[in-house]
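The next block holds one structure in the form of structure tokens; read it before the comments.
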Amino acid sequence: MNTADRLDLLSRYTEEVVTEDELEALLDGEPTAYIGYAPTGEMHIGHFTTIRKLADFQQAGVDVTVLIADLHAHLDSEKSPWDLLDARSEYYEASIRAMLDSAGGDPNSVDFVRGREFQLDEEYTLEMYRMAAETTLSRTQRAASEVVRQSDSPALGGLIYPLMQSLDVKALDADIAYGGIDQRGIYMLGREVLPDHGGDSPVCLFAPLLSGLSGGKMSASEAGSKINLTDDPGQVEEKIDGAYCPQGEVEDNGVLEYVRFLVYPILEQRGEDFVVERPEEYGGTLTFESYDDLEAAYVEGDLHPQDLKNAAAGYIDEAIAPIRERLTDRPDLLVEAYPESYE
RNA sequence: CCGCCCUUAGCUCAGACUGGUAGAGCAGUCGACUGUAGAUCGACUUGCCCCCCGUUCAAAUCGGGGAGGGCGGACCA
């Protein structure tokens, strides 16, 4: 694969690349990338879109490390209780492996790392204290504001959070940091301070944050606004059917976004088209080779929201089915990670 | 270490002074209208009122103790 193709593969479906030139320069060597997930709430389809992209990294010949940021999960407002960090980390890793597999990637060539495996090393810790001394409160707050839960009485942990995340880049020896666009503030801090702490500024790739099914950005606390990995076909259909989906509008349209960022990449990899089976009375079956064609038809009113939903639900269910199976094969994972919800 | 304030529905809070076992907004659920959803209209659900003890016929409400959280002070010879 030539550099132009690799560049295209790496930057597709991203919200922003910081910076394109730096990314291109990296491709002269053998760059490595990492993405971190704090094992907090149950994984859902929103995570799937970023994990799906890891397959692109692999295809472009970039080694991928997935950080299961266990300490971060507690540092951010104790989103995960201290005692459940191990169980949730295990559940996250198993889910991520299953998702990557389902998305056409190779989970076995991903390096999975837990935060506490290296975040307690002396060198890391010393560097963190030094960074704490040299970074102002307001700078740190600004960096974390989109990621860490905001409160009138913020805990110190939420400020340590972005400092550690910056150091993770260096500790994991990653050239590329990948994450949602909400992570931008933290990585911009990292790019700024890392050179003063023995590291290099990472090239950053940011994924768009997808809309929730009820409109507005996806919220982890709104059960109905997202599809869980363990939802059965009936639940997937029900949630998609109830989704906010204004006719002819692309903005804030969660269904369209899932088709674009999750379904299409998988279909492209398999060389298949998106097929909408539509009753004859409304015009019969439609086939879309590319997302752009589909979106154009939708905007023109040639594709009705109900027909889009029916087709999307089928494809989304197909994507999560293998994950659902793997998780139901290991019921202990969920029971131990979320004892309040299961058992 | 000391002082003051807070804790009520999933969320934000009212109700406490003047005891009679709870309310609003938002969220949610269900209908109507649309070939989806939303919007709109109509209906509806939800509570160890932080815990314990006491006073009382009766405690979210009064008294005592405790827990959790917040703010401030003291120390700066």
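Below, read A as the first sequence line, B as the second, and so on, with proteins coming before strands; counting in each chain starts at 1. This structure is a prediction, so every number in the text was calculated from the model and none was measured.
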Grab the [atom1]-[atom2] distance between [X] and [N] for me, whole Å please.
| X | N | atom1 | atom2 | value |
| --- | --- | --- | --- | --- |
| Q247(A) | A37(B) | CD | P | 12 Å |
| L213(A) | A27(B) | CG | P | 18 Å |
| L156(A) | G69(B) | CG | P | 15 Å |
| Y298(A) | G35(B) | OH | C1' | 12 Å |
| K309(A) | G38(B) | NZ | P | 8 Å |
| D307(A) | U34(B) | CG | C1' | 15 Å |
| I240(A) | A37(B) | CD1 | P | 14 Å |
| D241(A) | G35(B) | CG | C1' | 11 Å |

In whole angstrom, give me the gap between the [atom1] atoms of [N] and [M].
| N | M | atom1 | answer |
| --- | --- | --- | --- |
| A16(B) | U56(B) | P | 24 Å |
| A59(B) | C50(B) | P | 15 Å |
| C76(B) | C4(B) | P | 24 Å |
| U45(B) | A22(B) | C1' | 16 Å |
| G73(B) | A14(B) | P | 26 Å |
| C1(B) | U46(B) | P | 45 Å |
| U8(B) | C2(B) | C1' | 30 Å |
| U7(B) | U12(B) | C1' | 14 Å |

Under the criterion ring-ring contact (aromatic ring centres under 6.0 Å, His included), I'd like the reasoning laid out for Y91(A) against Y338(A): C-alpha separation, chi angles, the key distance, then a yes or no. CA-CA 10 Å; Y91(A) 155 75; Y338(A) 304 96; 5.5 Å; yes
Using Watson-Crick or G-U wobble geometry with both distances below 3.5 Å, tell me the partner of [N], or none.
| N | result |
| --- | --- |
| C30(B) | G42(B) |
| U21(B) | none |
| U56(B) | none |
| G3(B) | C71(B) |
| G35(B) | none |
| C50(B) | G66(B) |

Please check if the number of heavy atoms outside D200(A) that lie under 6.0 Å from its CG is greater than 12. no
So does D121(A) have more than 12 non-hydrogen atoms from other groups sitting under 6.0 Å from CG? yes
E257(A) versus S211(A), side-chain donor and acceptor atoms under 3.5 Å: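 Short answer, yes.
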After noting the C-alpha distance and the side-chain angles of Y34(A) and Y178(A), does the key distance pass the ring-ring contact (aromatic ring centres under 6.0 Å, His included) rule? CA-CA 6 Å; Y34(A) 106 101; Y178(A) 177 57; 9.8 Å; no
Joint cluster assignment, I227(A) & F261(A), ILVMFWY side-chain distance < 4.5 Å: yes
Please work out if E281(A) contacts a base, only the sugar-phosphate, or nothing of the nucleic acid, heavy-atom cut-off 4.0 Å. nothing
Contact class for N310(A) vs. all strands (heavy atom < 4.0 Å): base, sugar-phosphate, or nothing?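 N310(A): no heavy atom of the nucleic acid under 4.0 Å.
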